[in-house]
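Note that ligands are numbered from 1 as they come in the structure, with each ligand's atoms numbered from 1 the same way. The shown structure was predicted, so the numbers you read here are calculated from the model rather than taken from an experiment.
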Amino acid sequence: MLREFVPADLTAVHAINDGEVPAVGSESPEALARIADQSTIALVAEVGTEIAGFCFVLPPGADYGSMNYAWFAERYDDFVYLDRVAIAPKFQRRGIGRILYAEVERLAAERRPTATDFALEVNLRPRNDRSLAFHAELGFVEVGQRETDYGARVAMMTKPLEAASGTAAT
Ligand SMILES: CC(C)(COP(=O)(O)OP(=O)(O)OC[C@H]1O[C@@H](n2cnc3c(N)ncnc32)[C@H](O)[C@@H]1OP(=O)(O)O)[C@@H](O)C(=O)NCCC(=O)NCCS
């Protein structure tokens with residue numbers, strides 16, 4: 001089941017996030033809460049009573065210091081930016097990421113109908129093969145690469161959003 005993130009989810013979300021470093025950046029619970037606050041879409045996936053995964057998606061214009069986010073803001077007028085996604089190891093490869101992204105795309109069409117692109121980055125160094133395979137499967141394409149100030153090299157990836165490309169209306 002997917003639902004909106006609430007502050008009571010923070011401890012579980014923080015544990016999942018920190019369990020997946022360096023695939024995702026390490027953050028304090030407070031920093032994750034700030035990202036959630038700025039998000040236009042913040043979702044958790046629940047399996048029974050357990051939080052299995054989460055994702056946070058920022059709109060353009062957020063007060064967010066990430067240079068990866070800034071890279072997209074310089075090049076795209078209107079986009080949604082997936083700041084992070086992580087599924088707990090025992091729930092990976094069960095289709096939860098795919099369902100989460102389908103819901104992000106549905107909500108983005110509703111909440112940011114003018115956004116043209118779904119943007120994010122994936123680590124090339126250290127190489128995140130799971131995430132590269134996942135995003136390729138879901139239709140994301142590389143639109144650039146950058147060296148980060150935290151030592152990683154990342155692939156900048158986007159996928160067109162349906163509402164803005166007009167396909168949803170036809
Ligand atoms: C990347 C991640 C979010 C994928 O979520 P998931 O719920 O495990 O993915 P799904 O089960 O929905 O996979 C959908 C498809 O993606 C591809 N895929 C996903 N994980 C894969 C893997 N480990 N190896 C190869 N292909 C993979 C497959 O095509 C899969 O379809 P299939 O299982 O029917 O073959 C998850 O592995 C994760 O949380 N990783 C750690 C954190 C991370 O890397 N976040 C991304 C940072 S950019």
Under 4.0 Å to a heavy atom of A86 - the qualifying atoms of ligand 1, by number: 39 (O)
Residue, atom name and distance, where the atom is the protein heavy atom closest to atom 1 (C) of ligand 1: S131 CA, 3.9 Å
I87 neighbourhood, listing ligand 1 atoms whose heavy-atom distance to it stays under 4.0 Å: 3 (C), 5 (O), 7 (O), 38 (C), 39 (O)
Check ion pair R75-D117 (N to O, under 4.0 angstrom): no
Polar proximity ligand 1 side, G95 side, N/O cut 3.5 Å exclusive: yes
Donor-acceptor contact below 3.5 Å, side chain R125 vs main chain G151: yes
Residue-ligand contact R84/ligand 1, heavy atom below 4.0 Å: no
Any N/O pair N128/ligand 1 closer than 3.5 Å: yes
salt_bridge(R111, E4) N-O dist < 4.0 Å: yes
Option of least heavy-atom distance to atom 42 (C) of ligand 1 (set: N123, V154, V85): V85
A23, any N or O under 3.5 Å of ligand 1 N or O: no
Side-chain (E46) to main-chain (M1) donor-acceptor, under 3.5 angstrom: no
NZ/NE/NH1/NH2 to OD/OE distance under 4.0 Å, E30 and R34: no
Heavy-atom nearest neighbour of atom 14 (C) of ligand 1 within options F134, F54, Y101: F134
Nearest neighbour of atom 36 (C) of ligand 1 from the list Q92, M157, E20, on a heavy-atom basis: Q92
Exam field: side chain N68 to backbone L120, donor-acceptor pair closer than 3.5 Å: no
Side-chain donor/acceptor of D9 to backbone N/O of V44, under 3.5 Å: no
Protein heavy-atom partner closest to atom 23 (N) of ligand 1 - residue, atom, separation in Å: R130 CG, 3.1 Å
Geometric class of the F72/F79 ring pair [parallel <30°, tilted 30-60°, perpendicular >60°]: tilted
Backbone N/O of L10 and side chain of H14: donor-acceptor pair under 3.5 Å: no
Polar contact flag for A133 and ligand 1 (N/O pairs, less than 3.5 Å): no
Option with minimal heavy-atom separation from atom 31 (O) of ligand 1, where the choices are R93, R98, E137, R94: R98
E27 with R84: basic N within carboxylate O range, under 4.0 Å: yes
Where ligand 1 meets E121 - atom numbers and elements under 4.0 angstrom, heavy-atom basis: 48 (S)
Protein contact to atom 7 (O) of ligand 1 [nearest heavy atom, distance to 0.1 Å]: G97 N, 2.7 Å
Ligand 1 to H135 polar contact by distance, N or O atoms, under 3.5 Å: no
Atom CG of D77 with >12 non-hydrogen neighbours under 6.0 angstrom: no
N or O contact, F91 vs ligand 1, cut-off under 3.5 Å: no
